[in-house]
There are 2 protein chains.
Amino acid sequence: MIDTAIHAITEPRRRDILHLIRDGELTSSAIASHFDISAPAISQHLKVLEAAGLVVVRRAGTKRFYGIRREGFAELKQYIESFWDDSLLRLKEAAEEEERRKHESESND
Amino acid sequence: MIDTAIHAITEPRRRDILHLIRDGELTSSAIASHFDISAPAISQHLKVLEAAGLVVVRRAGTKRFYGIRREGFAELKQYIESFWDDSLLRLKEAAEEEERRKHESESND
DNA sequence: ATACTTATTAAGTTGACACTTAATTAAGTG
DNA sequence: CACTTAATTAAGTGTCAACTTAATAAGTAT
């Protein structure tokens, strides 16, 4: 699931779309009006974003309002943080430091 | 710059590489040994990750040790959070809610 | 200098995917 | 029911990037 989310935000155009609807939900055509590409292209992007759990649709008549889905971004945030996690990294770095010193002393045999 | 970072973590293989070196720096060949793909392929991935500021190299003789670069992940984290930002989103949602109610009352004219 | 190790750069191939236009679905309106 | 609006699905095309093997670079040792 995190894979689809990351794949989704890969495409710059999709990130632009996310930025647009971040300030409030918009219809597919409203979104399309901000770009030079065709409506189907936008529709395809929205589908990818929806499948990734990053946007939600609200249907109203013939219109479909797209808005961002917070839970999806929470997952992404968590994923990035799993790399970032400060305390864990410090531990690893300390271990590396130690190993480096050990190797140095071994080379003095 | 954030674009290159996002592009970099797009590729599943590169994320695998990041996971590997997250537990301590490794040489190019050590990384390659964990995968089915060729050494040059790994080298190319590492170059992308380095250009994105997500990894750093430490040269030691003919070997090159690759380790993760924290600052790069900090940027990524910030970017994701710029979407996520809780308080801002709540404001937007409140505004939408209001607009929706306004439209409903208008349709009762 | 020659050889060995580690890793990269070069060049070329293949598959994925972001587009296009055309056709289709779905909901509302005269 | 025909017609309009809003959006999607279908089908096909071109570009990009992830891989391959071959050649090159840079460091160390014999």
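The structure displayed is predicted, hence computed values, not measured ones. Convention: sequence-line order gives letters A, B, ...; per-chain numbering from 1.
- Counting all heavy atoms, side chain and backbone alike, B/Ala52 lies closest to B/Thr4 at CB-O, 3.6 Å.
- Note: CZ (A/Arg64) to C1' (D/dT8) measures 6 Å, nearest angstrom.
- Residue A/Ile37 is grouped with residue A/Leu20 when hydrophobic side chains (ILVMFWY) are merged at heavy-atom distances under 4.5 angstrom, including chains of intermediate members.
- Where A/Arg59 and B/Phe65 meet DNA chain C, the nucleotide closest to each residue was compared, and B/Phe65 sits on the side nearer the 5' end.
- At whole-Å resolution of the value, CZ in B/Arg15 and P in D/dA18 are 12 Å apart.
- Atom-to-atom, CD1 of A/Ile42 to C1' of C/dT21 comes out at 16 Å; the value is rounded to the nearest Å.
- Regarding B/Leu26, its CG atom lies at a distance of 14 Å from the P atom of C/dT6, rounded to whole Å.
- For A/Thr10, the side-chain contact (heavy atoms from CB on, under 4.5 Å) partners two or more places apart in sequence, or in a different chain, are B/Thr10.
- Pairs of residues two or more places apart, or lying in two chains, that qualify as ring-ring contact (aromatic ring centres under 6.0 Å, His included) and include a residue from residues 8-65 of chain B are A/Phe83-B/His19.
- The shortest distance between the side-chain N/O atoms of B/Thr27 and the OP1/OP2 oxygens of C/dT6 is not below 4.0 Å.
- As a whole-Å value, the separation of B/Arg58 CZ from C/dT6 C1' is 15 Å.
- Phosphate contact (OP1/OP2 of C/dT6, side-chain N/O of B/Ser28, threshold under 4.0 Å): absent.
- Residues A/Arg15 and B/Ile6 come closest through the heavy atom pair NH1-CG2, 3.5 Å.
- The side chain of A/Ser43 places no N or O atom within less than 4.0 Å of a non-bridging phosphate oxygen (OP1 or OP2) of D/dA7.
- Note: CD1 (B/Ile9) to P (D/dA18) measures 13 Å, nearest angstrom.
- The shortest non-hydrogen separation linking A/Ala8 to A/Leu54 is CB-CD1, 3.9 Å.
- Comparing A/Thr62 and B/Lys47, the nucleotide of DNA chain C nearest to each residue sits closer to the 5' end for B/Lys47.
- Using modelled atom types, no side-chain atom of A/Ser43 and backbone atom of A/Pro40 make a donor-acceptor pair closer than 3.5 Å.
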Practice prompt. Go along nucleotides 10-20 of chain C 5' to 3' and tag each nucleotide: B for a protein heavy atom under 4.0 Å from its base, S when only backbone or sugar atoms are that close, - otherwise.
Written response: B------SSBB
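- Remark: D/dT9 base-pairs with C/dA22. Criterion, Watson-Crick or G-U wobble with two distances under 3.5 Å.
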